[in-house]
Amino acid sequence: MDKLKTLEQARNELSYRGESVTGWARKHGFNPESVKKVLGGKSKCLRGNAHRIAVSLGIKYGVIIES
């Protein structure tokens with residue numbers, strides 16, 4: 001299992017790749033505002049889209065179940 005990233009590391013990784021939060025969100029099928037809340041630490045990421053976003057960003061261990 002890979003090491004988890006901090007919120008700062010996840011934001012820096014997007015910046016390093018020259019990718020905006022909105023661009024990353026759209027590419028992965030997420031609402032940009034939801035991604036901004038996760039990266040801003042405003043969401044607990046316990047379930048739903050916030051959980052999927054956190055797992056996709058590598059800031060939380062978990063499984064993404066497609067419905």
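This structure is a prediction, so every number in the text was calculated from the model and none was measured.
- Residue-environment remark: CD1 (Ile65) stays at or below the threshold of 12 foreign heavy atoms within 6.0 Å.
- Residues forming a side chain to side chain contact (heavy atoms under 4.5 Å, CB included) with Leu4 (at least two apart in sequence, or on another chain): Tyr61.
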**Q.** Residue pair Ile53, Cys45: steps toward the side-chain contact (heavy atoms from CB on, under 4.5 Å) verdict
**A.** CA-CA 8 Å; Ile53 292 165; Cys45 306; over 6 Å; no
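- Cluster membership for Leu14 and Phe30, using ILVMFWY side-chain heavy atoms within less than 4.5 angstrom, is shared.
- With hydrogens and angles ignored, the 3.5 Å screen pairs a side-chain donor or acceptor of Arg11 with a backbone N or O of Leu39.
- Atom CZ of Arg17 is surrounded by more than 12 heavy atoms from other residues, nucleotides or ligands within 6.0 Å.
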Q: Please report the C-alpha distance between Val55 and Val63 in whole Å, then the side-chain angles of each, then the deciding distance to 0.1 Å, and finally whether the side-chain contact (heavy atoms from CB on, under 4.5 Å) criterion is met.
A: CA-CA 7 Å; Val55 172; Val63 176; over 6 Å; no
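- A distance-only check finds no donor-acceptor pair linking the side chain of His51 to the backbone of Gly62 [under 3.5 Å].
- Counting non-hydrogen atoms of other residues, nucleotides and ligands closer than 6.0 Å to NZ of Lys36 gives a total above 12.
- Judged purely by atom type and a 3.5 angstrom limit, Glu13 has no side-chain atom pairing as donor or acceptor with the backbone of Ala10.
- Residues Val38 and Ser43 approach most closely at CG2-CB, 4.2 Å, considering heavy atoms.
- Note that NZ of Lys27 and OG of Ser20 are 10.0 Å apart. Values are rounded to the nearest 0.5 Å.
- With hydrogens and angles ignored, the 3.5 Å screen pairs a side-chain donor or acceptor of Lys5 with a backbone N or O of Leu57.
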